[in-house]
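Beneath this line is the structure, given in structure tokens, with notes to follow.
Just so we're clear, the structure is a prediction, and the values are computed from it rather than from any experiment. The first residue of the sequence shown is numbered 1, and numbering continues consecutively from there.
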Amino acid sequence: MMYKNKVFLGLVAALLLGFSAKAQEQTYDKVWTLEECLDFAMKNNLDVQRAEYEIKNNEVAVLQAKGQVLPTLSVNSSYGFRFGRSINPITNLFEENRIGNFNLSGNSNVTLFAGRRIVNNIKQNQTTLEASIYNLEATENNVMLSVVRAFLDVILAEEQLKIAKKQLETTSEQLVRTKYLVEAGSLPMSELFDLQSQLATNEVDVINAENAFGLNKLALMQTMQMPADQSFELYIPELEIEEFALPENSVRAVYNVANETLPQIKNADLSIVSSELALKSARGGYSPTLGFGASMFTNYADRALANFEEQLRNNQSTALNMQLSIPIFNGLQTRGNVQRAKVNVEIAKLNAQDTRNVLRQEIETVFGNALAAAQTYQASLKRVASTEESFRMAKERYDIGDINFVDYQVAQNNLFNAQVELSRSKYQYIFRVKILDFYLGNPITL
């Protein structure tokens with residue numbers, strides 16, 4: 001039943017690949033390297049694009065915050081008619097005539113002191129902008145690690161496909177020899193039937209391995225945000241485990257480097273700074289606000305004798321004023337803002353500590369898994385060597401009729417399982433070594 005499910009899923013994946021390729025009418029007719037996969041993913045990942053737009057929004061917020069220190073300036077004008085008894089704005093006398101009038105005014109205000117709320121608001125927005133830049137870097141790192149993992153999964157699936165095909169080839173060759181021995185009367189017909197059954201099983205193993213290979217390629221394309229395409233091919237380098245040495249640094253040393261360099265840590269620390277600046281800005285609500293204003297006014301009425309320009313010039317008036325606002329009671333709004341800002345500071349500190357805890361735990365886990373994978377690989381090397389020799393001897397004994405097919409099949413399956421475990425532990429080790437290199441600030445390459 002498990003084999004049937006895997007075959008079915010593989011066929012579905014193949015159909016999806018073909019359908020999507022036709023639907024998109026887009027092919028990528030080249031062999032993709034890891035670097036090209038990473039570049040494509042960075043350009044098309046929606047999380048990365050959202051992080052880039054977040055930076056743009058924060059740049060606008062910084063610009064607006066800086067604009068608060070600049071004076072405001074506005075010019076207003078109006079033109080209208082009065083009917084019935086009204087005051088002539090020129091003579092200041094009541095009249096019963098229609099009066100047409102035009103008013104022109106200008107106003108400017110600037111805040112001189114606001115309890116450093118403006119300064120702290122500017123600093124807070126600048127800090128938030130810097131934090132969003134680190135958030136973009138952290139998002140890109142997450143995408144990169146996901147692509148590398150998916151890329152290595154494809155390599156592992158191809159390796160296991162080669163193993164399955166080799167086992168099928170071995171069984172096919174043995175079937176030819178067994179058929180000859182059965183025809184010669186050296187082996188019973190049941191041995192031939194058993195070997196044909198084993199051949200069918202190996203063919204299913206190859207189909208499952210091909211399906212796994214296709215599904216892993218599909219997973220990589222989805223990680224890259226690429227439409228599924230059957231023409232998608234990878235440049236798969238020859239990776240020798242000896243080229244990937246486990247860092248000599250201790251877990252603590254790796255953590256210390258990552259704690260100083262990784263963008264998610266810097267983002268978390270800047271969030272604390274931003275929340276502390278927000279607290280200072282909230283406390284500024286207790287302080288008085290001092291401002292300066294200036295205004296100019298002139299007007300024109302069509303009932304006056306002077307012409308338009310003369311009236312505007314003669315009716316000019318200018319006002320200068322200082323505004324002082326002292327907060328006394330505003331329904332506990334300022335106090336509530338300060339208390340909320342204090343809580344946000346503590347939350348930011350907890351988030352920063354949690355980010356560090358997660359990082360430390362990830363490094364500990366990766367380090368432990370890397371050591372385990374290295375040990376498993378070394379043990380698998382010995383196991384493959386011994387099972388290869390065991391299978392060679394079993395094959396020779398089976399050819400002369402010294403053992404039955406069951407013993408031969410056990411030896412073959414042991415070799416197959418050992419080879420699969422060897423390839424799995426190899427790529428698990430390589431991936432974890434590359435993650436540790438990443439934590440140490442080294443670029444991820446294969």
Review point. If you take all heavy atoms of Asn321 and Ala294, which pair is closest and at what distance?
Key: ND2-N, 4.5 Å
Review point. Just wondering, more than 12 heavy atoms not from Met296 lying within 6.0 Å of its CE?
Key: yes
Check your understanding: Just checking, is any N or O donor in the side chain of Arg177 or Gln174 under 3.5 Å from an acceptor N or O on the other one?
Key -> yes
Check your understanding: Side chains of Glu191 and Tyr398: do they bring a donor and an acceptor to under 3.5 Å?
Key -> yes
Practice item. Using atom types as modelled and distance alone, determine if a side-chain donor or acceptor of Gln49 lies under 3.5 Å from a backbone N or O of Lys43. Key: yes
Check your understanding: Counting N and O atoms only, with roles assigned by atom type, does the side chain of Asn44 sit under 3.5 Å from a partner on the main chain of Phe40, one being a donor and the other an acceptor?
Key -> yes
Check your understanding: Counting distance only, does the side-chain N/O of Arg397 pair as donor-acceptor with the main-chain N or O of Ile403 below 3.5 Å?
Key -> no
Exercise for review: Go through the steps to decide whether Arg356 and Asp269 satisfy the test salt bridge (charged side-chain N to carboxylate O under 4.0 Å, His left out), and finish with yes or no.
Suggested key: CA-CA 10 Å; Arg356 285 180 164 82; Asp269 288 342; 2.8 Å; yes
What side-chain donor-acceptor pairs closer than 3.5 Å can you find for residues 138-147, not counting sequence neighbours?
| unit_1 | atom_1 | unit_2 | atom_2 | d |
| --- | --- | --- | --- | --- |
| Thr139 | OG1 | Asn135 | O | 2.8 |
| Asn141 | ND2 | Glu137 | O | 3.4 |
| Asn142 | ND2 | Ala138 | O | 3.4 |
| Ser146 | OG | Asn142 | O | 3.0 |

Check your understanding: Taking the side chain from Tyr439 and the backbone from Asn259, do they hold a donor-acceptor pair closer than 3.5 Å?
Key -> no
Practice item. Indicate whether the side chain of Ser287 and that of Arg116 have a donor and an acceptor atom separated by less than 3.5 Å. Key: no
Check your understanding: Is the number of heavy atoms from other residues, nucleotides or ligands under 6.0 Å of Tyr286 OH greater than 12?
Key -> yes
Review point. Are Asn414 and Thr387 close enough that a side-chain donor and a side-chain acceptor fall under 3.5 Å?
Key: no
**Study point:** Residues Lys280 and Glu276 bridged, charged N to O under 4.0 Å
**Key:** no
Exercise for review: Quick one: list whatever passes ring-ring contact (aromatic ring centres under 6.0 Å, His included) with Phe151, sequence neighbours left out.
Suggested key: none
Check your understanding: Under a 4.0 Å N-O cut-off, is there an ion pair linking Lys30 with Glu233?
Key -> no
